[in-house]
Amino acid sequence: MSVPRITRQSIDQVQAAADLVEIVGHYTQLKKSGANFMGRCPFHEEKTASFSVNPTEKLYYCFGCGEGGNLFGFVQHKENLDFAQSVEYLADKYGIVLEYEESSAKGEAERRRRDRLRTLLEQATAYYERVLWKGRASVAARAYLEQRGLGDEICRRFRVGYALPGWERLRDAAKQEGFSEQELLDAGLVVPGRRGGVYDRFRERIVFPLADDRGRTLGFGARTLGEEKPKYLNSPETALYHKSEALFGLHNAKASAGREDRVYVVEGYTDVLALAQAGVENVVASMGTAVTEQQLKRLSRLSRDLFLCFDADAAGVGAMSRALSLARRLGLSLHVVRMPEGLDPADYVLSGVGADGFRELAARSETLLQFHVRLVLEGNDLTRPDGRAQAFAQLKGVLAEAVTPIERDEELRTIADRLRLSDESVRYLLSAVVAPRGAAAGPAESGGASRAAVGPAAAAVGGVHELEVRFLASCLALPAKGGEVLGGIDEGSFASAGTRAACRWVKARLAGADAGKNNDSSEYGSDAQEDAGDVVAEVVLRSGRERSSAAVVDELFLRLQEAQVGRLIARLKAAPGTDETGTREAKLAELEAVRRRLREAIRSLPVIDEATEGQGSVT
Ligand SMILES: [Zn+2]
């Protein structure tokens with residue numbers, strides 16, 4: 001299915017309407033600092049505020065980790081969306097109706113088809129709801145919910161419904177509304193009959209709508225009242241419903257997950273209902289103990305702290321481990337809430353402990369690492385030497401999961417204690433965990449280990465990048481002087497695609513481009529633009545922070561030229577082939593002379609007070 005392109009006009013409209021400070025503000029608290037806003041970085045853990053947002057250019061940059069980019073880039077990263085989805089997300093948020101370039105009948109038809117499916121699913125949801133709440137046929141369903149301790153109000157809020165016995169109830173109702181059998185099939189509401197025709201997929205079941213984060217029904221999960229098999233029946237994969245992404249309760253959980261900055265992940269629909277009814281609203285059901293990558297991605301938009309409330313021992317290490325590496329990459333922190341033996345969260349909260357009891361239980365949660373360590377320690381007989389040896393062997397793998405050295409060392413102490421390990425063994429355990437990781441980080445480059453912690457753009461070219469960015473930032477901060485100097489510079493002399501793009505951007509801006517307009521939107525969304533956008537953001541946000549003066553611009557310009565000449569010399573020296581005519585030799589001599597003059601010029605510059613220069617206005 002081809003994805004229709006959003007028109008450039010629409011993208012510009014979104015760019016103009018969106019407020020990056022407001023958007024970032026959902027993830028981290030921002031404070032005004034000069035022309036920019038500063039806050040703690042939503043991309044890395046930190047105690048001080050290194051994250052900056054420029055509200056007019058709508059660019060962000062983290063001085064700590066080097067993450068940077070434009071409005072759409074931020075939404076893409078934080079919400080795990082692609083470019084087009086980030087535009088759609090913002091358009092929705094700021095009430096802009098997007099136009100699509102797709103003029104082909106096919107794209108238009110596809111969009112209309114999806115709209116029809118949404119309408120059909122909404123009508124089906126309403127239909128099942130009506131059936132549940134009226135008539136005698138659904139008495140047993142209502143009794144079941146009541147017996148589970150779920151009141152009318154909470155069931156109505158989650159739009160719980162009931163599918164009647166019979167093979168064509170929904171089908172006929174939908175047909176009366178003008179939907180075709182094909183549409184019913186496409187929505188996953190019916191199944192093809194053996195002798196042609198279609199019949200209802202869900203029969204004599206309580207129906208839970210599986211909605212997206214805006215509350216729009218995408219599919220259904222349905223539970224039997226009795227013991228028929230299967231106990232749970234879900235929608236099949238459709239254009240709208242994808243099993244691996246589905247989370248029940250997402251829409252309801254959104255607001256409170258943001259407020260409390262955590263999400264509880266439970267297994268079943270009734271767990272979500274019971275907890276929400278008790279007042280724990282930030283809860284979703286994964287509908288299974290194995291949380292998928294896609295589910296984690298969606299959850300990461302709500303909070304970084306996920307509390308898994310499964311029957312943990314049954315879920316086991318395996319099911320959770322699969323989610324782990326991705327969780328780490330997304331910067332998620334997973335906790336395991338131990339439910340009391342034999343109780344699911346619904347039972348527990350309804351047993352009289354209420355929301356407070358549940359939250360207390362959650363407060364005693366373990367990190368996933370602690371959980372795994374405990375499972376291993378409990379799974380072996382530590383009174384016997386061979387039991388301890390086995391535990392020791394298993395723990396090596398488990399410790400590799402540690403997110404931070406601090407977390408690892410803490411667990412190590414517990415382990416050493418429980419296994420009665422010698423210092424020697426502890427060191428061995430540690431080295432086994434640490435060594436492969438250190439090796440994977442690759443040979444240290446000129447910047448050394450601390451450099452590796454800096455963002456990708458900065459780390460890649462180190463000093464040159466730094467110099468070029470500082471130069472461009474100082475030009476931008478001092479428009480008259482900067483424009484003059486930049487006028488004589490060819491962007492091709494910059495070392496990377498990112499700084500070349502930033503040079504182009506700064507030049508255009510200093511040449512008087514409309515300040516309200518951002519980068520050329522034709523470049524939005526491409527990979528090249530993504531890197532370039534990072535550097536543009538870095539330049540813009542540094543220009544607001546670094547002190548600039550004509551002398552600073554001059555000095556940086558000289559240093560930049562020196563670096564450029566240095567690169568030319570190196571390239572020439574490395575060029576293959578002989579130099580029979582002596583042209584290379586001559587050229588080299590010429591360049592060396594230029595470099596000498598540049599170095600002299602740099603030496604003769606008035607001294608700039610390094611202590612105040614470059615410190616910026618950040619407090
Ligand atoms: Zn950061």
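Worth knowing before you read on, the calculation uses all heavy atoms, side chains too, and leaves out hydrogens, waters and symmetry mates. Both counts, for ligands and for their atoms, begin at 1 and track the order of listing.
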* Pull up every protein N/O/S atom sitting under 2.8 Å from the Zn ion (ligand 1), skipping waters. =>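 Hits for the Zn ion (ligand 1) below 2.8 Å: Cys41 SG, His44 ND1, Cys62 SG, Cys65 SG.
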Between [Y] and [X], is there a salt bridge with N-O shorter than 4.0 Å?
X: Lys297; Y: Glu245; value: no
X: Glu88; Y: Arg5; value: no
X: Lys58; Y: Asp19; value: no

* To do: Kindly assign one of parallel, tilted or perpendicular to the pair Phe43 and Phe51, based on the angle between their ring planes and the thresholds 30° and 60°.
  =>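 Phe43 and Phe51: tilted rings.
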* Are the side chain of His335 and the backbone of Phe307 linked by a donor-acceptor contact shorter than 3.5 Å? ->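 No; judged by distance alone, with no hydrogens or angles, the pair does not exist.
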* To do: Would you confirm whether the ring centroid of Phe74 sits within less than 6.0 angstrom of the ring centroid of Phe72?
  =>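 Here the rings of Phe74 and Phe72 have centres that are no less than 6.0 Å from each other.
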